[in-house]
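Just so it is clear: chains get the letters A, B, ... in the order the sequence lines come, proteins before strands, and each one is counted from 1.
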Amino acid sequence: MTGLTFWAVVIAGAFSLCAPIVLAGLGEIFLERAGGFNVGIEGMMLMGAVFGVIGSLRGGFWAGALEGILAGAVFGLLLGLATAFGKADMIIVGVAIGLLGAGLSTYLFQALNPAGQTNETAPTQPILHLDALTSIPLIGPGLANAGMFFYLSVFLSIVAWWVMKHTRFGLRLRAVGDDEVVATTRGIPVRAYRLIAAIIAGGLAGLGGAAVALSSIGSFTPGMTGGTGFIALAVVIIAGRSPLGLLGGALLFALFNSLALLAQTKDFGLPVEIFEALPYLVTVAILCVVSRYLLARSKQLGRRRSAPPASSGIG
Amino acid sequence: MSTARGTELSLLGVSKNYGGAQALVGVDLRLEPGTVHALVGENGAGKSTALKIFAGLEQPSAGRIELAGEPVVFGNRTAAIRAGVGLVPQQLSLIGEMSLVENLILTRPTQLAHRRAAASALRAVADEAGLTLNLSAPVRTLGLAERQLGELAIALAQGARVLLLDEPTSAIGPHESGLLFEKVTALASTGVTVLLITHRLDEVRSVADHVTVLSHGRVTLDAEVADVTDDDLVFAMVGEIPAPETHTLYEGGDDRLVLDGVTAQGSGVVPLRDVSLTVRAGEIVGILGVAGNGQGTLADTAVGIIEPLAGSVSVGGAEIGGRPEVAREHGVSYVPEVRAEFLLSDSPVTRSAVLRRLSDPAFRRRGALQWGAITEFTKGLMERHDVRPRNPAINAGALSGGNQQKLLVGRELDGAPAVAVLHGPTQGLDLHAAAAIRSDIRRAANAGTAVLLVSADVDEVRELADRILVLSKGRIVDEFTAAEFDLQRLGRAMAGLVDHTADAPAGGAR
């Protein structure tokens with residue numbers, strides 16, 4: 001990457017790092033709009049990561065992405081069935097799924113790749129090489145060389161926004177989350193919508209996990225998502241459950257994360273630990289500022305946009 | 001109005017069982033196009049069940065529904081909407097965060113939202129029906145009346161040929177009610193079929209063409225409104241009640257609970273307006289009224305949970321307004337309408353039994369609770385108030401509903417407190433549990449407790465109370481002693497036919 005400025009490299013890194021957050025977060029938006037909350041998001045991502053690697057080893061990148069989605073969706077189905085039909089507590093089932101996913105993904109990987117054996121490297125995401133974009137200052141090089149997961153994230157964010165605003169499905173999902181009783185009176189099959197939202201949440205978390213494993217590494221390590229799922233949960237809440245807000249929030253977080261990684265190569269005269277803490281500190285700071293702003297605005301307008309759906313039991 | 005031409009819709013021999021309880025028994029109900037059909041009855045008479053069956057929210061256990069003479073089955077709400085059955089429910093059934101247009105989109109048949117098309121469809125029916133509505137603001141920023149009219153517009157935009165209105169005026173003021181009924185009668189005159197559920201006979205008189213009365217799940221009257229008197233309707237609603245056993249327990253004690261000109265706003269829609277009443281030691285004062293006329297607010301205010309906006313609440317001369325802990329100190333006990341909130345369902349009975357007495361020195365030694373003494377006390381309490389099984393270790397939530405209520409009422413009445421406020425103490429209980437609780441109440445009064453009994457159960461109040469006050473729209477509209485009990489007069493007062501601005505004792509004290 002000679003010839004690129006330090007900041008262009010940081011930004012390029014951010015494009016790559018934001019994808020898992022956006023993908024998992026989009027799923028969480030569907031679930032939260034329907035009144036749910038997925039504490040097991042990390043487990044679903046780890047399942048997506050391990051199946052992403054397995055699929056990619058067998059059938060290439062796209063097979064990996066698809067298997068990642070399916071693995072997550074199966075866990076989403078589990079969450080949906082247990083909570084929408086089995087009336088189980090969503091937080092408890094979420095914790096169980098999180099732990100199950102973490103353990104099962106490690107077990108599966110070790111079963112397929114016994115210790116001592118050299119890990120095969122799976123095919124990773126295609127890079128689009130949109131050379132026309134290179135000339136844009138600062139962000140151009142990053143955009144031009146961003147991988148498939150970044151562009152998928154942007155594309156799916158727009159799709160999710162459109163679905164929420166312009167389809168009956170999106171509005172019904174919101175209705176289910178806002179008021180279950182009213183939704184039933186208006187003829188909406190509430191449980192079916194809850195189930196579908198959970199499957200979507202699982203599938204997208206699985207894809208997000210695949211994005212962690214297949215963006216540049218091409219192999220699995222236990223616990224490799226490293227809290228990305230929880231970051232996604234936080235960013236979704238900060239973004240007020242809006243897909244485009246999520247994209248922006250994830251990019252911001254990824255920018256500081258990327259800075260933290262690259263700061264180690266450059267002497268800023270500050271300990272590296274400061275930079276490593278930076279993304280989290282910034283997230284907390286922004287959370288506070290945004291909440292205050294939304295609170296003030298909601299008082300002004302008599303609305304409560306950032307409030308969680310009434311039936312989610314959080315907030 | 002081409003989309004809104006009415007159709008005939010009927011229930012034929014419809015019965016509905018919930019568990020063992022029969023909510024409807026062989027009900028025939030025929031709604032004719034172009035008429036407003038009123039369905040009246042007391043609480044629990046089966047009005048809402050009939051409505052839910054019409055709306056596709058419940059399925060009949062027996063009998064059938066006919067639409068324009070053809071048998072139909074509404075498997076769910078969506079099927080009924082498609083068949084042209086519009087519903088304006090009693091409780092707000094719009095998503096508050098969404099606009100009226102978005103609420104309409106929820107039930108439109110297309111997958112895509114088509115916001116503009118939906119907005120213009122809604123605008124068109126609203127204009128045609130003469131409704132002025134803000135279609136794009138979130139529903140929760142709209143006034144209650146505008147929401148009701150919005151529901152109406154949405155039902156019409158869905159192509160409703162039949163409109164089901166479930167107590168549409170319970171949440172809105174008289175002016176808005178007038179406006180709503182104006183629109184409804186105008187719609188009926190264009191051919192729409194309207195079913196109006198209400199328990200207000202004044203509404204039946206002013207808007208309905210035809211009236212059906214339900215009592216205990218059966219049709220007791222079915223006639224043209226012009227052909228029946230108010231007395232016929234009241235009789236059909238409440239039925240024949242055997243001659244009262246007039247018994248006056250009260251012998252004249254000192255003033256215990258005094259409400260003076262109390263105005264208060266609770267969580268209910270109907271605020272309390274300028275209520276004055278006095279309950280003396282050893283006296284049982286009954287508050288009767290159709291549910292939702294301010295009963296909950298009155299009870300909560302009398303025990304200090306709600307602070308009055310105006311006026312005063314005092315016990316034995318001490319002002320307690322808005323301070324439940326002070327009320328407690330002055331010996332006020334309370335059985336609220338929602339009993340679950342006052343019992344610890346997931347803990348042994350002992351905990352619920354002493355919940356109010358934790359500072360009693362008998363149960364504490366150097367700050368530690370004396371579980372032995374508490375268990376003994378609980379056993380005694382269960383004995384005195386007939387709570388079965390007599391096992392203090394069982395979880396309160398594992399007791400039957402009747403025994404939970406006996407435990408709660410027993411706890412509150414044990415040792416004859418200065419004042420007891422009881423809200424629907426036997427609501428939903430079987431006859432035996434109800435009888436046990438009633439004798440408990442009588443015993444407490446005999447021992448000198450001033451009892452304020454808030455109930456929707458006419459028989460119960462008649463049996464127990466020395467004096468009866470009637471609450472309607474948050475005001476005391478009538479008052480009489482047990483000896484003066486008159487069912488017709490009561491029915492008229494409860495149904496809102498008494499003009500409280502004229503001859504009724506608006507203050508109601510003594």
* A:L171 portion near chain B, given a 4.5 angstrom heavy-atom threshold ->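 A:L171 touches chain B through backbone and side-chain heavy atoms alike.
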Measuring from atom [atom1] of [X] to atom [atom2] of [Y], what distance do you get when rounded to the nearest 0.5 angstrom?
X: B:E97; Y: A:D179; atom1: CD; atom2: CG; result: 10.5 Å
X: A:T184; Y: B:N76; atom1: OG1; atom2: CG; result: 11.5 Å
X: B:L112; Y: A:W162; atom1: CG; atom2: CH2; result: 4.5 Å

* Taking side-chain hydrogen bond (donor to acceptor under 3.5 Å, both in side chains) as the test, write out the residues that go with B:E146, two or more places apart. =>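 Per chain and number, B:E146 pairs via side-chain hydrogen bond (donor to acceptor under 3.5 Å, both in side chains) with no residue.
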* Asked: Looking at A:H166, A:R172, A:K165, A:R168, which makes the most heavy-atom pairs under 4.5 Å with chain B?
  ->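 Max contact count across the listed options: A:R168.
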* Asked: Pick from A:P189, A:A175, A:A183: which one has the most heavy-atom pairs with chain B under 4.5 Å?
  ->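 Winner by heavy-atom pair count: A:A175.
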* Side chain, backbone, both or neither: which part of B:L57 has a non-hydrogen atom closer than 4.5 Å to chain A? ->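 Only the side chain of B:L57 comes within 4.5 Å of chain A.
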* Asked: Is it the backbone or the side chain of B:L106 that comes under 4.5 Å from a heavy atom of chain A, or both, or neither?
  ->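 Both the backbone and the side chain of B:L106 come within 4.5 Å of chain A.
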* side-chain contact (heavy atoms from CB on, under 4.5 Å) between B:L94 and A:V182, intermediate numbers included -> CA-CA 6 Å; B:L94 298 167; A:V182 169; 5.5 Å; no
* Asked: Would a distance-only check, ignoring hydrogens and angles, find a side-chain to backbone donor-acceptor pair under 3.5 Å from A:R186 to B:S93?
  ->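 The answer is yes, because a donor-acceptor pair under 3.5 Å joins these two groups.
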* Asked: Would you find a donor on one side and an acceptor on the other, under 3.5 Å apart, between the side chain of B:T78 and the backbone of A:G187?
  ->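 At least one qualifying donor-acceptor pair exists.
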